[in-house]
Amino acid sequence: MIRARENGPIVERDDSLEFEPLDQYQQRRQNLKDIEALGHPAYPRKFAWTHTPKEILEKYAGSTVEELESSRVTVSVPGRIVALRPHGKAAFAHIAGDGARLQIYVRQDIVGEEAYKLFKLMDLGDFVGVTGHLFRTKTNELSVKVDKLELLTKSLLPLPEKWHGLADVELRYRRRYLDLIVNEKAREVFIRRAQIIREIRHFFDARNYSEVETPMMHPILGGATARPFITHHNTLDMKLYLRIAPELYLKRLVVGGLDRVYEINRNFRNEGIDAIHLQEFTMLEFYQAYSDYRELMDMTEELFRSLAEKICGSTKFKYEETEIDFGHFERLSMRDAIVKFWPAAARPAPTSAELAAAGGPLAIAERFNVYARAQNIDPILNVGKLSAGELIGELFEAVAEPHLVQPTFIYDFPIEISPLSKTRADDPSIAERFELFIAGMEVANGFSELNDPIDQENRFRAQVEKGGHEAPKEVDVDYIRALSHGLPPTAGEGIGIDRLVMLLTDSHAIREVVLFPLLRAESGEPAAEEIPAPGAANKPNSAADGAKK
RNA sequence: AGGGGCGUAGCUCAGUGGUAGAGCAGCGGCCUUUUAAGCCGAAGGUCGUGGGUUCGAUCCCCACCGCCCCUACCA
């Protein structure tokens, strides 16, 4: 590639990309040329800085006008120009860096005519490095009086409108980089997301867990019920599934003697997309030998409480106008939850004993459906075809789940909907499993792992026989083999990181906490397979996105 | 997938069956303590795309594309 810029004029190519707004893009290209003509590189290599804007604002927040005058503080600070208020031969600007905005004051009589000429060729969005001393303006704003100023990177495209910012949701996701520059809230969400994941790692590392990475492309589907993405490996000529869960691999590791493992990584499910579902999502899964589901509930409570304290500064925080409190976690068995939240208008309310009795769940589901139809609520479909356990699951979702705003563990699930969990010693119809609900969302799912290989094989076979596009197509024989070698009593849990981040950042859509959520290709944008291979004469296609035709 | 909404200047938005408007950004001019700086001036548009109705469509109708919301499956 030709890199002639440093030694001479820009190499002009008539097929290079241009972007909307074209007039502003061309204007900035011209400014760039003029800057280079003045002898300033537009893309220099580094800048020796002493502070970030944020550091200055924090460190000198308390310094008074007099203090800054009597003992001069000289700083060199880099940042992106995000506001510009020129006044002829002087100008105020704000530069952004490290999440803060610092005002700078540039005067021709201080920086000199030459530098001021350069400054006037700078545009909103350019990166600059300034050296000067701190002072306070008439309005007492801590600012840098610039002695020296250099361009650190020329920006060829303008920033979004300064007052409204970037409000279009689609554009915010497609051009997340602009969203991050302009919208404080977006930046904060992702900084917090990083903190949350860091704290989770600390939490588990401190408990002697090992972080592991297991395959994301699986030859056999397993570990959850969900429709997969399917792909193909050319060299091995092999059908592969993007993983829907890491579970079966992680438990193999416990068989292998890694008694405490966790993995934070993506799962992929080829299903619906809405405010709390995406085709790829980040899951924390962890497994602990010689433990059971009750211990995990305690541990989850501890984890969530410490996260809220560290991230939000308190166990209480606001989510969608309600205060969520991680100081207390309710625990209800699934049957008790149905009893507790049974709608008053659907009397008589069932009892726990009735739910446990033969034929009970069916009778109760039918009672619910009478009520639901009268109230014009969605009834439970196909009640006749569902097992008692499935009916209990359906009843729970219909009756109780929407009410679970404060953190609530629902435990003791029907065995039929928990194919990987151990049953209770005193009741083989119930699995030692729980889910944690907060703000109506399921955020965690844990259980005492089924480690009886014969039982597990039977349950796998039953699933395969039952069929359906979400059911596994074949028994994972190697997993049964691993269990046959012996999985110690183990408890395992998955926590949806995206949803947890939603809660702790008061974000009401999962896409708000994912950096580049998938959107449909813009019309006119080349589909993936149409993009020419590198090396081919590849004048880039007319990216619809505003690029020149 | 079904129902509803939206799509107008680079951005945020008005608007009308008779060929289009504001603020901000950009351009030219004035301006050395401003902070949505100010003042003056000029420019900027295939009104999402394609059909149809009409003398005439950005507006009415149909289809398509994209985004958002709700409902159904899923964590």
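Remember, it's a predicted structure, so these values are computed and weren't measured experimentally. All values below come from the heavy atoms of this structure, side chains included, with hydrogens, waters and symmetry mates left out. Throughout, protein chains are lettered first and strands after them, A, B, ... in sequence-line order, and every chain is numbered starting at 1.
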(request) Without swapping roles, check the side chain of A:Asp476 against the backbone of A:Tyr479 for a donor-acceptor pair under 3.5 Å. (result) yes
(message) As a test of reading the structure: which of B:C11, B:A75, B:G66 is closest to the side chain of A:His277, going by heavy atoms?
(response) B:A75
(request) Considering only atom C1', compute the distance from B:U8 to B:U49 and round it to an integer number of Å. (result) 15 Å
(message) Just to be sure I follow the notation: if a pair is Watson-Crick (purine N1 to pyrimidine N3 plus N6-O4 or O6-N4) or a G-U wobble (N1-O2 and O6-N3), each under 3.5 Å, what dot-bracket string does RNA chain B give, with | for pairs to another strand?
(response) (((((((..((((....[..))))..((((.......))))......(((((..]....))))))))))))....
(request) Go through the structure and list residues passing side chain to side chain contact (heavy atoms under 4.5 Å, CB included) with A:Lys89, not counting sequence neighbours. (result) A:Gln108
(request) Go through the steps to decide whether A:Phe396 and A:Phe437 satisfy the test ring-ring contact (aromatic ring centres under 6.0 Å, His included), and finish with yes or no. (result) CA-CA 12 Å; A:Phe396 165 74; A:Phe437 292 87; 5.4 Å; yes
(request) Write down the distance separating the C1' atoms in B:G7 and B:C13, rounded off to the nearest Å. (result) 13 Å
(message) Taking side chain to side chain donor-acceptor pair (under 3.5 Å) as the definition, give me every residue that meets it alongside A:Lys154, ordered by chain and number, with sequence neighbours left out.
(response) A:Asp123, A:Asp126
(message) Taking atom types as they are modelled, would you say the side chain of A:Asp274 forms a donor-acceptor pair with the base of B:C73 within the 3.5 Å cutoff?
(response) yes
(message) Distance check needed: B:A75 C1' versus A:Phe437 CZ, whole Å only.
(response) 10 Å
(request) Take atom C1' in B:A42 and the same atom in B:G29, then report the distance between them in whole Å. (result) 11 Å
(request) Just jot down the side chain to side chain contact (heavy atoms under 4.5 Å, CB included) partners of A:Ala100, sequence neighbours excluded, or say none. (result) A:Lys54, A:Leu57
(message) Over all strands shown, is A:Leu278 touching base, sugar-phosphate only, or nothing at heavy-atom distances under 4.0 angstrom?
(response) base
(message) Please compare A:Pro158 and A:Gly272 by the position of their nearest nucleotide in RNA chain B and report the one closer to 5'.
(response) A:Pro158
(message) If I pick the P atom on B:G3 and the same atom on B:C64, what distance separates them, to the nearest angstrom?
(response) 11 Å
(message) Looking at A:Tyr173, is its backbone amide N or carbonyl O close enough to the side chain of A:Arg511 to form a donor-acceptor pair, meaning the two atoms are under 3.5 Å apart?
(response) no
(message) Rounded to whole Å, how long is the line connecting atom CD of A:Glu397 with atom P of B:C73?
(response) 8 Å
(request) Check A:Pro158 against A:Arg28 and note the closest heavy-atom contact, atom names and distance. (result) CA-NH2, 3.5 Å
(request) Indicate, with a heavy-atom threshold strictly under 4.0 Å, whether A:Ile276 touches base, sugar-phosphate, or nothing. (result) base
(message) What is the separation between atom CD1 on A:Ile417 and atom C1' on B:C73, rounded to the nearest whole Å?
(response) 15 Å
(request) Could you state the atom-to-atom distance from CG of A:Asn267 to C1' of B:C74 in whole Å? (result) 12 Å
(request) Specify the residue among A:Tyr173 and A:Asp498 whose closest nucleotide of RNA chain B lies further upstream toward the 5′ end. (result) A:Tyr173
(request) Using the P atom on both, measure B:G48 against B:A43 and round to a whole Å. (result) 25 Å
(message) Expressed as a whole number of angstroms, how long is the span from A:Leu171:CG to B:C6:P?
(response) 19 Å
(request) Answer yes or no: is there a side-chain heavy-atom contact under 4.5 Å between A:Val399 and A:Phe368? (result) yes
(request) Work out which heavy atom in A:Asp506 is nearest to a heavy atom in A:Glu320; give both atom names and the distance. (result) OD1-N, 2.9 Å
Can you check nucleotides 30-33 of chain B for protein contacts, nitrogen or oxygen pairs under 3.5 Å, and list what you find?
from, atom 1, to, atom 2, distance (Å)
B:C31, N3, A:Gly88, N, 3.1
B:C31, N4, A:Gly88, N, 3.4
B:U32, OP2, A:His87, O, 3.3
B:U32, OP2, A:Lys89, N, 3.4
B:U32, O2, A:Arg107, NE, 2.8
B:U32, O2, A:Arg107, NH1, 3.0
B:U32, O2, A:Arg107, NH2, 2.9
B:U32, N3, A:Arg107, NH2, 3.4
B:U32, N3, A:Asp109, OD2, 3.1
B:U32, O4, A:Asp109, OD2, 3.3
B:U33, O2', A:Lys138, NZ, 2.9
B:U33, O2, A:Lys138, N, 2.9

(request) Look at all strands and tell whether A:Arg499 reaches a base, only sugar-phosphate, or nothing, counting heavy atoms closer than 4.0 Å. (result) base
(message) Taking the C1' atom in each of B:U71 and B:G15, what is the distance between them to the nearest angstrom?
(response) 34 Å
(message) Using atom P in both nucleotides, what's the gap between B:C24 and B:A20 to the nearest angstrom?
(response) 22 Å
(message) Using a distance-only criterion (donor-acceptor N/O pair, under 3.5 Å, no hydrogens), is the base of B:U34 paired with the side chain of A:Gln103?
(response) yes
(request) Please state how far atom CD in A:Gln279 lies from atom C1' in B:C73, giving the value in whole angstrom units. (result) 15 Å
(message) Rounding to an integer number of angstrom, what distance separates B:U19 and B:U58 when you compare their C1' atoms?
(response) 9 Å
(message) Measure CZ/A:Phe447 against P/B:A75 and give the value in whole Å, please.
(response) 11 Å
(request) Determine which pairs satisfy salt bridge (charged side-chain N to carboxylate O under 4.0 Å, His left out) with at least one residue from residues 264-277 of chain A, sequence neighbours left out, and list them in order. (result) A:Arg266-A:Glu280
(message) Tell me the interatomic distance from A:Gln24, atom CD, to B:G28, atom C1', rounded to whole angstroms.
(response) 15 Å
(request) Decide yes or no for A:Leu504 and A:Phe326: does some side-chain heavy atom of the first lie under 4.5 Å from some side-chain heavy atom of the second? (result) yes
